[in-house]
Amino acid sequence: MKYQTVKGTHDILPDEVSRWRTVEEVVRRMMAAYHYGEIRTPVFEHTELFSRSIGQDTDIVGKEMYTFEDAGGRSLTLSPEGTAPVVRSYIEHGLGAKSPQVKLFYIAPMFRQENPQKGRFRQFHQFGMEALGPADAAQDVEIIALAMGIYRRLGLAGLSLRLNSVGCRVCRPGYRDVLRSFLEERGDRLCHDCRQRTQNNPLRVLDCKREECREQTRDAPLMSDHLCDECDRHFSRVRELLEQLELPYDLDGRLVRGLDYYTRTAFEVISGQLGAQDALGGGGRYDDLVEMLGGPSTPAVGFAAGMERLLLVLAQKDLVRPEPDTVDLFAVLLGARARDAGLKLLEQLRRRGIRAETDFLDRSMKAQMRAANRLAASYTVIIGEQELSKERLILKNMSEGQQEEMDLDEAVEKICRAMGSAAPKGEPSAGK
Ligand code: HAM
């Protein structure tokens with residue numbers, strides 16, 4: 001058998017990882033600027049956490065979750081999204097009692113058994129943030145500004161922000177009835193799935209990608225025309241504040257999102273670069289979720305972004321390049337005794353924070369010098385039989401070409417001085 005990655009999953013090799021790290025560093029810097037603290041929740045949770053919060057009639061819960069039973073007979077599920085685990089953790093640790101405003105972010109793998117295609121995987125990664133406590137529209141806009149700010153920092157322009165309000169438990173039931181009646185009149189012209197959705201979850205019909213359903217719902221009643229006064233006021237303030245921050249948006253009355261916990265503000269960030277899977281990220285308010293999962297009534301709003309899709313767009317635009325694979329110093333070691341001496345020397349240099357490499361492949365001088373050049377080493381150390389017999393080594397400055405012979409026991413200090421290493425003794429400097 002030839003082992004390969006499981007369908008819909010992918011390896012991220014070192015070249016690619018350096019791109020991921022660049023994105024993650026921007027995400028972390030921006031989260032710090034907006035004062036969001038990092039949270040790490042387990043990769044799997046009790047299945048019911050997701051089925052209750054995301055909703056029984058959604059595609060995620062209905063057909064996409066990786067659910068399994070453990071030896072204790074518990075039904076567990078690999079996280080398909082990050083909001084429900086964050087809310088679970090918020091309740092479990094009483095975070096709301098410690099602070100009236102809790103702002104958290106995560107960068108984590110998620111799992112959904114979807115049909116893989118460009119920008120759609122079965123294991124993918126999201127960065128996301130959740131603000132629990134404030135009901136004010138300013139909090140919605142802070143989250144949107146943070147999301148758009150991250151994309152802007154990474155050099156992405158021309159993204160569109162789609163915005164809608166999906167109402168609340170006061171106004172949505174009435175709208176749902178109006179929409180259901182509208183859909184029932186067109187029942188036989190809708191696809192099989194949408195006929196079922198008409199009864200269970202009529203809002204989701206607006207999200208159907210089939211042309212026949214889009215045609216039939218072209219003039220469907222929209223939530224935005226059925227908002228209660230409070231939702232209407234909230235939505236107006238969100239738009240006003242977005243304008244104040246000069247964040248352009250497109251109103252999209254059909255935007256319903258694929259998860260049931262949303263109330264009021266719902267939004268998505270769309271890229272023209274991605275084809276069918278064009279949502280770079282999405283989010284919205286979920287004012288009822290904390291209470292629904294057994295916590296105290298707490299308004300909240302959040303956003304999550306697909307990292308693979310983001311990296312795809314960045315690569316297409318050549319915006320994030322892999323970091324070059326380099327070292328400060330390469331040790332050319334000729335023969336077994338040289339390797340022993342070299343290993344000790346390298347260990348001392350690395351402890352001082354110098355990025356040093358060699359190879360233990362017993363290759364020719366020429367091959368080892370080629371490896372040093374490939375890694376753009378600023379210095380090479382050369383240790384051969386001849387040098388060893390005198391307890392000496394050669395240090396070569398690769399850019400200037402000059403070389404110097406020195407005693408082995410003085411080499412660490414001399415090399416560090418030559419390289420201007422500021423790292424304190426015994427402590428490698430941070431970074432790679
Ligand atoms: P979502 O819209 O389901 O929202 O996912 C957010 C983003 O994750 C999508 O816009 C997309 O970029 C990415 N994504 C989703 N599924 C896949 C997949 N199969 N392959 C690759 N990327 C994917 C949520 O997950 C909510 N928890 C967002 C949120 C946070 N709402 C409030 N707070």
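It should be emphasised that the depicted structure is a prediction, and the values quoted were computed from it without experimental measurement. Atoms considered below: every heavy atom in the structure, side chains included; atoms not considered: hydrogens, waters and symmetry mates.
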Salt bridge (Lys or Arg N to Asp or Glu O under 4.0 Å) for Arg352 and Glu413? Distances and angles first, verdict last. CA-CA 10 Å; Arg352 299 280 290 262; Glu413 288 310 320; 3.1 Å; yes
Between Glu142 and Lys103, is a salt bridge (Lys or Arg N to Asp or Glu O under 4.0 Å) present by the stated rule, with each step listed? CA-CA 11 Å; Glu142 181 191 84; Lys103 305 205 299 186; 3.1 Å; yes
Take Leu163 and Thr265 through the test side-chain contact (heavy atoms from CB on, under 4.5 Å) and record every step on the way to the result. CA-CA 7 Å; Leu163 185 70; Thr265 316; 4.0 Å; yes
Please walk me through it: do Arg363 and Asp359 pass salt bridge (Lys or Arg N to Asp or Glu O under 4.0 Å)? CA-CA 8 Å; Arg363 294 194 294 170; Asp359 68 44; 2.7 Å; yes
Could you walk me through whether Arg254 and Asp252 pass salt bridge (Lys or Arg N to Asp or Glu O under 4.0 Å), step by step? CA-CA 5 Å; Arg254 301 175 70 96; Asp252 179 355; 5.8 Å; no
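Between the side chain of Ser79 and the backbone N or O of Met110 there is no donor-acceptor pair closer than 3.5 Å. With hydrogens and angles disregarded, no donor-acceptor distance shorter than 3.5 Å links the side chain of Ser89 to the backbone of Pro85. For Thr9 (side chain) and Thr5 (main-chain N/O), no donor-acceptor pair under 3.5 Å exists by modelled atom type. Put simply, the side chain of Thr198 never gets that close to the backbone of Leu183: no donor and acceptor are under 3.5 Å apart. Under the 3.5 Å distance criterion, the side-chain polar atoms of Arg122 are matched with a main-chain donor or acceptor of Glu114. Between the side chain of Thr298 and the backbone N or O of Val290 there is no donor-acceptor pair closer than 3.5 Å.
Here Glu69 does not pair with Arg74 in a salt bridge; the nearest charged N to carboxylate O distance is not below 4.0 Å. Ionic pairing of Arg169 and Asp288 is present here: one or more N-O contacts between side-chain nitrogen and carboxylate oxygen are shorter than 4.0 angstrom. The pair Asp328-Arg355 counts as a salt bridge, with a side-chain nitrogen and a carboxylate oxygen less than 4.0 angstrom apart. Using a 4.0 Å cut-off between a side-chain N of Lys or Arg and a carboxylate O of Asp or Glu, Arg19 and Glu24 do not qualify as a salt bridge. The existence of a salt bridge linking Asp193 and Arg210 is excluded, since no basic side-chain nitrogen approaches an acidic carboxylate oxygen closer than 4.0 Å. Under a 4.0 Å N-O distance rule, the pair Glu308/Arg120 does not qualify as a salt bridge. A salt bridge between Glu38 and Arg28 is present, with a side-chain N of the basic residue lying under 4.0 Å from a carboxylate O of the acidic one. For Arg374 and Glu357, the salt-bridge test fails: no basic side-chain N is under 4.0 Å from an acidic carboxylate O. One finds no salt bridge joining Lys344 and Asp340 here, because no Lys/Arg side-chain nitrogen approaches an Asp/Glu carboxylate oxygen to under 4.0 Å. Between Asp140 and Arg264 no salt bridge is recorded (no basic side-chain N to carboxylate O distance below 4.0 Å).
Counting heavy atoms from C-beta outward, Met31 and Leu146 have side chains that approach closer than 4.5 Å. At a threshold of 4.5 Å between non-hydrogen side-chain atoms, the residues Ile39 and Phe105 do not count as touching. Leu319 places none of its side-chain heavy atoms less than 4.5 Å from the side chain of Leu154. Considering only heavy atoms from C-beta on, Ile60 comes within 4.5 Å of Met65 through its side chain. Proximity of Val381 to Phe330: side-chain heavy atoms (C-beta onward) are nowhere separated by under 4.5 Å. Looking at Met129 and Leu104, their side chains never come closer than 4.5 Å, going by heavy atoms from C-beta outward. The shortest side-chain heavy-atom distance between Gln368 and Leu361 does not fall under the 4.5 Å cut-off. Put simply, the side chain of Ile270 does not reach to within 4.5 Å of the side chain of Leu159, judged on heavy atoms.
Cation-pi geometry between Arg239 and Phe235 is met: under 6.0 angstrom from the ring centre, within 45 degrees of the axis. In this structure, Arg186 forms a cation-pi arrangement with Phe182, its terminal cationic atom sitting closer than 6.0 Å to the ring centre and no more than 45° off the ring axis.
Taking the six-membered ring wherever Trp is involved, the centroid distance between the rings of Phe267 and Phe303 falls below 6.0 Å.
For the 3.5 Å distance criterion, the side chains of Thr67 and Thr77 qualify, holding a donor opposite an acceptor. Counting only N and O atoms by type, the side chains of Gln101 and Ser99 include no donor and acceptor under 3.5 Å apart. Side chains of Tyr106 and Glu130: a donor on one and an acceptor on the other come within 3.5 Å.
More than 12 heavy atoms of other residues, nucleotides or ligands lie within 6.0 Å of OH in Tyr249, so this atom counts as buried by the packing criterion. Taking a 6.0 Å sphere around NE2 of His10, one finds it holds more than 12 heavy atoms contributed by other residues, nucleotides or ligands. In this structure, Arg153 places its CZ atom where only 12 or fewer heavy-atom neighbours from other residues, nucleotides or ligands lie under 6.0 Å away. Counting non-hydrogen atoms of other residues, nucleotides and ligands closer than 6.0 Å to CD of Glu211 gives a total above 12. Counting heavy atoms of neighbouring residues, nucleotides and ligands inside a 6.0 Å radius, atom CD of Glu92 exceeds 12 of them. Atom CZ of Arg189 sits in a crowded spot, with more than 12 heavy atoms from other residues, nucleotides or ligands closer than 6.0 Å.
In this structure Gln199 satisfies the side chain to side chain donor-acceptor pair (under 3.5 Å) test together with Glu184, sequence neighbours excluded. With sequence neighbours left out, the side chain to side chain contact (heavy atoms under 4.5 Å, CB included) criterion links Ala376 to Thr326. Looking at residues two or more places apart in sequence or on another chain, you find a ring pair (Phe, Tyr, Trp, His ring centres under 6.0 Å) between Tyr286 and Tyr261.
The side-chain contact (heavy atoms from CB on, under 4.5 Å) test with Val141 singles out one residue from Asp136, Val238, Val301, and that residue is Val238.
Residues Arg195 and Leu190 come closest through the heavy atom pair NH1-O, 2.9 Å. Counting all heavy atoms, side chain and backbone alike, Asn164 lies closest to Ser224 at OD1-CB, 4.4 Å.
Between His125 and Trp20, the ring planes lie perpendicular to each other; the angle is over 60°, past the 30° to 60° tilted range.
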